[in-house]
Amino acid sequence: MATPPESSPPPHFLRAIVAADQARGAYGGRVVTRFPPEPNGYLHIGHAKSICLNFGLAAEFGGVCHLRYDDTNPSTESVEYVNAILEYVNWLGFDPKDKVFFASDYFGKIYEYAVHLVKKGKAYVCDLSDEQIRETRGSTTEPGRPSPFRDRSVEENLRLLEGMKNGEFAEGSRVLRAKIDMANPNFKMRDPLLYRIRFAHHYRTGNTWKIYPFYDFAHCLSDAIEGITHSICTLEFENNRELYDWILAECDLREPPHQYEFARLNLTWTVMSKRRFLKLVNDGHVAGWDDPRMPTLAGLRRRGVTPESLRTLAERVGVAKANSVVEVEFFENILRDDLNSRAPRGLAVLRPLKVTLTNWPAGRVDTIDAPLFPAELALPGTRSLTLSGSCFIDASDFAEAPPKGWHRLAPSGEVRLRHGCVIRCDDVIKNSEGVVTELRCTADLDTLGGRAPVGRKVKGVVHWVDATTAVPVEVRLYDRLVNVEKPTADDFLSELNPKSLETLTALVEPAIVAPGAATHWQFERTGYFFRDPVDAAMGKTAFNRTVTLREGWTADAPAGAGADAAIAPTPTVAITEKPGAAKALSPEVAARRDALVARWALPDAAARPLAADPEVTTLFEVAAANATPAAVASFVANVVVGELRSANRAPPSLDGAALGRLVALTEAGTLGAAQARRVLAVLLAEGGHPDAIVAREGLAKVSDPAQVRAWVSAVIEANPGEVARYRAGQATLLGFFVGKVLKLSGGKADAAVAQALVAEALS
Ligand code: ATP
Ligand code: MG
């Protein structure tokens, strides 16, 4: 019986087939799938799609999924790979339990089926060489020529097959072929090979066998032997299906399994093949199968990619019948979404620049309680920071000659130290080469603890670490392994990115490396990082960058009231490019970018993501006529492009005017970020007018104090401990309360109103 899925997954053709089979009682209602890797390398992100599909379908329909090692090729297979495959199937979240099988265990049975075919006159021993077989196979316009050995008698075939099995003939001297049809338009049916002679040592069967079955013969029979019902494979096996069915029919198997094909997962900027990985590993281009730059599951795990994000990817790309290439950014966005609520925030400075607070009282060290998560996530936890007379900021957060729109530190300028106070840069100290080595700044002590005296406006917030407690750690910045979007088959080594790894010594706040600390961190304003588990096991602490915070460019940190305030920033106008993100643009893209910069007064980095695709450019231009262009640019680049970047969906069928109105509603404060995404989802799915969607779904922000107060009271009542700590002076908890109010209201409460009411209620 079908178990109803927990959350209804998107429909796809395989799900429909399995459901229909089950409904009509095929296979007695059983659903048995299998994942059949060849143990000749480590699994990669493409396999993850197949694993999720096969195990997922089985679970959904109350069936089972087998893990079957397709180990019919002795020379390339090993126990190391067998073990690693099971480890990573488990890591992805699937457990085949006792359903772990090996095709090599069926060698005896498969041989019996070969004898059966020979006896039926459906298979023969052929003495042609590989090359002769290829030459006589014909072409798309010409039929193949029959082998001169095609009409050997059954007795002779049986004797020769037995001799092959016993090692009486040289490798390559004979093969067993199916006797089907040399004129069949499907090449796979032109007397395909079933068995070859190989005097190789097999990692499980040793030297027992001198002949090994080919994939086409072994695979369908293994499926049948295990009672598989739905045999799901990738599209390149489409032509093999006819042979699959032929073999099972000729072997007289009743209720045989059926083969279905789906599109394999391909990702841009990603090499995806075990054979090529082997080359990368063996030639020393990477440190091993688990090098964090590798798209192997071992590499991804070590990099900090979560199994949840891989399962979400598999579900979101769907199951299609046409091959396509998914943009790797689509996966990176899923990963960011997943890490957002998993990775606590910490302060880490990758390129430290010393800051001395000249007016800081000598010897004073303040302790600051800072939340581990932003308020809108309403997740618990704080850690302690220290602030003393000297700290480090990132060198890239200071500019001696700042460009227009700079929101970070500059001579005579001010920024807020995240969770700390506002500082003003008075002096720039340089060494004899003119390199800036220290900034001498004044701290505004009135702004400590997130306080923001009325009228005090600061342009930006920067991350920092305190000099007295900072801990140096190794940090690795990983970039794409190849520097072409679609790596070509043979020449991929010349396409390797020479800058795929940069190793730095960063300074981090103590909580990040404390015993028992989280392994995933968001280094604020820098990226998501993961403590390298392999190094950790050796007693070394190092962090791998899992993914940057944004694609290519980033909005500046929010200008703030209190920097610790709960209010999520509306995207600021200023946009800065991440170092190293600049890519050479094609002339068409560059021309569109230039036009956008000129017409809408956008910074270059904001125009780039809009220029990449002409349909996105048009979408932006129509929308920008209906709202503030910079706000539209930010929303399109950060939200819309990500939503559109789905495997099988073509770009915008989105109405630009409606999009503009949506952005205008967020600018007016009618919609929060979550609500805006919801409206966008509806627009993408069914179109319509944003105002109508907001009204229909009740999405408008609630700023009526009477209504918000009810949520505030409920939150205060439910969190007496936090109330006591807040009243005892822990002002940073304000964000915690506002976050809870937002969550309770389904994101609808106006954050500013909520903040004022919480402060009022607890004062
Ligand atoms: P590669 O060609 O990448 O080395 P493979 O197909 O040789 O991989 P197998 O061990 O034979 O690797 O694959 C096991 C299963 O995983 C097969 O059913 C195969 O169809 C599936 N698979 C392999 N690559 C992908 C992919 N990119 N997307 C989805 N499924 C895949
Ligand atoms: Mg294969």
Side-chain angles (χ1 to χ4, degrees), residues 5-7 9-10 33-37 39 41-60 64-67 81-97 99-100 232 264-267 270 272 274 277 288-319 326 328-344 377 379 478 517-522 527-537 543-548 647:
E6 280 175 13
S7 63
T33 58
R34 86 286 170 270
F35 172 64
Y42 279 61
L43 298 177
H44 53 62
I45 189 169
H47 293 117
K49 175 173 173 181
S50 176
I51 295 169
C52 292
L53 178 60
N54 280 296
F55 280 90
L57 276 176
E60 199 181 311
V64 287
C65 177
H66 297 184
L67 170 60
Y81 299 137
V82 167
N83 294 337
I85 287 169
L86 180 59
E87 179 181 353
Y88 285 95
V89 169
N90 289 157
W91 175 73
L92 258 187
F94 302 101
D95 186 359
K97 304 218 177 76
K99 305 294 182 200
V100 177
I232 299 167
R264 57 196 290 134
L265 174 67
N266 293 303
L267 289 173
T270 306
M272 191 96 78
K274 286 185 282 195
F277 296 155
W289 287 97
D290 67 350
D291 186 300
R293 288 167 292 183
M294 293 274 273
T296 52
L297 299 185
L300 295 171
R301 167 159 82 168
R302 194 170 170 186
R303 185 168 175 144
V305 168
T306 58
E308 290 83 356
S309 63
L310 290 167
R311 295 202 300 261
T312 306
L313 173 71
E315 179 149 331
R316 293 255 201 105
V317 297
V319 181
V326 175
V328 72
E329 292 87 350
F330 179 70
F331 174 56
E332 289 171 349
N333 279 328
I334 290 173
L335 182 57
R336 289 184 187 103
D337 261 5
D338 181 67
L339 291 172
N340 182 34
S341 55
R342 188 185 296 280
L377 291 176
L379 290 168
Y478 293 107
T519 49
H520 292 281
W521 284 88
Q522 185 195 103
Y528 287 102
F529 288 78
F530 183 60
R531 190 166 67 227
D532 190 306
V534 178
D535 286 329
F543 281 86
N544 300 330
R545 183 169 69 195
T546 311
V547 64
T548 54

Asn544 side, atom CG; Phe530 side, atom CZ - distance, nearest 0.5 Å: 8.0 Å

Minimum-distance pair of heavy atoms, taken over all atoms of [X] and [Y]:
X: Thr296; Y: Trp289; result: OG1-O, 2.6 Å
X: Thr33; Y: Ala58; result: OG1-CB, 3.7 Å
X: Leu377; Y: Ser341; result: CD1-CA, 4.1 Å

Angle class for the Tyr88/Tyr42 ring planes (parallel below 30°, perpendicular above 60°, tilted otherwise)?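 Tyr88 and Tyr42: tilted rings.
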
Aromatic ring proximity, centroids under 6.0 angstrom, His44 and Phe277: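 Centroid separation for Phe277 and His44: below 6.0 Å.
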
Ring centers of Phe55, Phe94 separated by less than 6.0 Å: yes

For [Y], is there any backbone N or O sitting under 3.5 Å from a side-chain donor or acceptor partner on [X]?
X: Arg311; Y: Leu92; result: yes
X: Asn54; Y: Ser50; result: yes
X: Arg303; Y: Thr546; result: yes
X: Arg302; Y: Arg293; result: no
X: Ser309; Y: Leu335; result: no
X: Arg545; Y: Tyr478; result: yes

Is there a salt bridge (Lys or Arg N to Asp or Glu O under 4.0 Å) between Glu329 and Arg336? Walk through the geometry before answering. CA-CA 10 Å; Glu329 292 87 350; Arg336 289 184 187 103; over 6 Å; no

Is Lys49 salt-bridged to Glu315, cutoff N-O under 4.0 Å?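 Not counted as a salt bridge, because no side-chain N and carboxylate O are separated by less than 4.0 Å.
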
